[in-house]
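Okay, so here's the structure we're looking at.
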Amino acid sequence: MEVLVSVMSAEDIYYHNILDKFAMGIRNFGDRVLLDSATGRGDVAIIFGSVKQGRGRSTHLVKKQLTEKFEKYVQIETPLVGRTINPLHKEFRVGINGFMWDSADWGFRHMTNERYKNFWSRFEYEKKDTWNDSGNHILICMQKWGDASLGDVDTYEWCRNTVNEIRKHTQRPIIIRPHPIYRKKLKLAALKREMLQLKSITWRDTDFRIQGEIDTITQDLKDCWCTVTHTSGSAVDSVLNGVPNIATGTGNMAWPVSGHSLSEIESPYKGDKTDWLNKIAHCQWSVDEFRSGLCWEHVRKSL
């Protein structure tokens with residue numbers, strides 16, 4: 001198999017190095033690596049990051065061209081487990097033709113129990129397999145405005161509508177948590193003023209450029225009854241910490257272990273997580289597993 005690894009799809013030297021490691025793993029498996037332009041040949045392309053329509057930056061144009069040219073491409077994106085706002089990750093999710101739950105091929109038909117054991121041994125989650133029995137507040141997790149995972153959803157309008165709908169079903173206190181990278185700050189400030197005029201609403205200031213990573217989501221998950229997310233990765237944090245989640249977007253990576261209607265807010269989903277935990281272990285891979293070819297071995301079975 002000839003594999004086009006598009007270094008041009010990554011906008012940072014750190015990510016260039018990640019793609020180099022991925023290329024090493026492909027070679028270790030015996031396939032041929034092509035480091036070429038967006039119009040290069042190959043049986044499959046490897047790109048870094050999501051395709052954002054309408055963006056003029058060269059990396060986005062390269063990804064757009066490759067996803068249109070290749071019937072199948074492999075997309076490397078931010079991790080699901082152990083995430084930080086710092087972009088210099090050591091692990092990444094890897095999907096075929098996408099990076100969301102409902103759009104990517106994650107190779108679930110090729111899952112192994114050994115992968116489950118190896119993956120989860122790297123992380124410590126006290127509530128990973130169970131659910132909390134109590135909690136007080138509801139946590140609304142917003143997303144970065146314009147992020148590819150949102151599609152055409154305006155995260156500020158989504159938040160406003162979510163609060164209004166929740167209040168039809170419960171009077172529990174609500175904490176609103178914006179994404180730590182602020183965009184459209186005037187719209188965000190207007191939403192904050194509007195929300196704080198409502199009863200039992202707390203607004204969590206999370207601006208990464210001001211506060212860094214001190215204010216993590218972990219503190220907001222303490223004494224949390226339920227989280228509400230659209231396609232935010234915070235849903236994964238919530239479920240792994242035993243806090244039920246309601247997902248409003250089918251691309252949410254915690255969709256199978258979440259409720260899907262805000263009318264369920266007082267009786268959120270608390271079903272079995274076993275199958276989902278195994279699937280998540282097959283969505284995320286370490287840089288070492290890129291280099292060794294272990295990730296490529298799994299992905300290749302679905303190409």
Side-chain angles (χ1 to χ4, degrees), residues 77-85 89-95 99-102 104-141 149 170 172 175 177 213 216-262 264-286 288-289 294-295 298-299:
E77 254 287 356
T78 51
L80 302 164
V81 182
R83 297 176 311 120
T84 64
I85 195 63
H89 303 299
K90 297 292 191 298
E91 306 217 359
F92 299 86
R93 79 181 98 169
V94 182
F99 71 107
M100 304 302 294
W101 186 263
D102 61 350
D105 181 349
W106 301 103
F108 292 151
R109 56 197 175 279
H110 305 297
M111 294 193 301
T112 66
N113 289 332
E114 190 64 25
R115 174 65 192 166
Y116 178 95
K117 295 176 185 176
N118 290 341
F119 179 79
W120 288 110
S121 66
R122 302 203 291 259
F123 305 98
E124 293 184 8
Y125 285 93
E126 183 182 350
K127 295 280 188 178
K128 176 170 66 74
D129 301 306
T130 60
W131 298 101
N132 293 351
D133 294 325
S134 61
N136 185 41
H137 66 268
I138 295 164
L139 179 64
I140 297 177
C141 298
S149 63
T170 184
R172 288 179 181 273
I175 296 177
R177 183 181 177 84
E213 293 193 61
T216 66
I217 194 173
T218 304
Q219 70 173 17
D220 291 328
L221 291 174
K222 293 177 180 177
D223 195 35
C224 183
W225 171 255
C226 183
T227 56
V228 181
T229 58
H230 186 62
T231 52
S232 171
S234 297
V236 174
D237 295 319
S238 178
V239 172
L240 292 178
N241 282 281
V243 178
N245 177 66
I246 292 178
T248 62
T250 57
N252 194 305
M253 293 301 291
W255 180 260
V257 286
S258 299
H260 305 140
S261 172
L262 292 171
E264 305 168 2
I265 199 76
E266 282 296 339
S267 55
Y269 176 90
K270 293 185 180 182
D272 185 74
K273 304 181 192 178
T274 306
D275 182 64
W276 176 76
L277 289 168
N278 196 9
K279 287 177 175 177
I280 289 296
H282 289 78
C283 294
Q284 178 172 316
W285 303 82
S286 69
D288 286 341
E289 290 167 339
L294 187 63
C295 174
H298 171 73
V299 170

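Note that the coordinates shown come from a computational prediction; the quantities given were computed from them, not determined experimentally.
The minimum heavy-atom distance linking C283 with L80 is given by the pair CB-CD1, 3.8 Å. Across R177 and L139, no two heavy atoms sit closer than the pair CB-CD1, 4.0 Å. In terms of heavy-atom proximity, N132 sits nearest to C224 at ND2-O, 4.4 Å. Pairing each heavy atom of W120 with each of K128, the nearest pair is CE3-CD, 3.5 Å. A pairwise comparison of heavy atoms in M253 and W101 identifies SD-N, 3.2 Å as the closest pair. Heavy-atom minimum distance, T231 versus S149: OG1-O, 2.9 Å.
How far CZ of F99 is from OG1 of T78: 7.5 Å, rounded to the nearest 0.5 Å. How far CE of M111 is from CG of N113: 8.5 Å, rounded to the nearest 0.5 Å. The CZ atom of R115 lies 4.0 Å from the CH2 atom of W285; values are rounded to the nearest 0.5 Å. With rounding to the nearest 0.5 Å, the separation of OG1 in T250 from NE2 in H230 is 7.5 Å. Note: D129 CG to L240 CG = 9.5 Å, rounded to the nearest 0.5 Å. N245 CG to S232 OG: the interatomic distance, rounded to the nearest 0.5 Å, is 8.5 Å.
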As a quick check of understanding, evaluate side chain to side chain contact (heavy atoms under 4.5 Å, CB included) for L277 and V257, giving each step before the final call. CA-CA 10 Å; L277 289 168; V257 286; over 6 Å; no

Full working for side chain to side chain contact (heavy atoms under 4.5 Å, CB included) between W276 and V236: CA-CA 11 Å; W276 176 76; V236 174; 4.2 Å; yes

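A distance-only check finds no donor-acceptor pair linking the side chain of H89 to the backbone of G82 [under 3.5 Å]. A donor-acceptor contact shorter than 3.5 Å links the side chain of H137 to the backbone of D223. The backbone N or O of A235 lies less than 3.5 Å from no partner atom in the side chain of T227, so there is not a single donor-acceptor pair. Under a 3.5 Å cut-off, the side chain of H282 and the backbone N or O of N278 do form a donor-acceptor pair.
Inspection of the T229 and N252 side chains reveals an N or O donor paired with an N or O acceptor under 3.5 Å.
With a 6.0 Å radius and a threshold of 12 heavy atoms from other residues, nucleotides or ligands, E126 has its CD atom at or below the threshold. Enclosure of atom CG in D133 is not indicated, since only 12 or fewer non-hydrogen atoms of other residues, nucleotides or ligands lie within 6.0 angstrom. Enclosure of atom NZ in K270 by more than 12 non-hydrogen atoms of other residues, nucleotides or ligands within 6.0 angstrom is indicated.
Residue pairs that meet the salt bridge (Lys or Arg N to Asp or Glu O under 4.0 Å) test with at least one member in residues 271-284, sequence neighbours left out, are D275-K279. Sorted by first and then second residue, the pairs that involve residues 234-246 and meet salt bridge (Lys or Arg N to Asp or Glu O under 4.0 Å), not counting sequence neighbours, are R83-D237.
Contacts of S286 classified as side-chain contact (heavy atoms from CB on, under 4.5 Å), with partners at least two apart in sequence or in another chain: E91, R122, D288, E289.
When the options W225, W131, Y269 are evaluated for a side-chain contact (heavy atoms from CB on, under 4.5 Å) with P244, the one that passes is W131.
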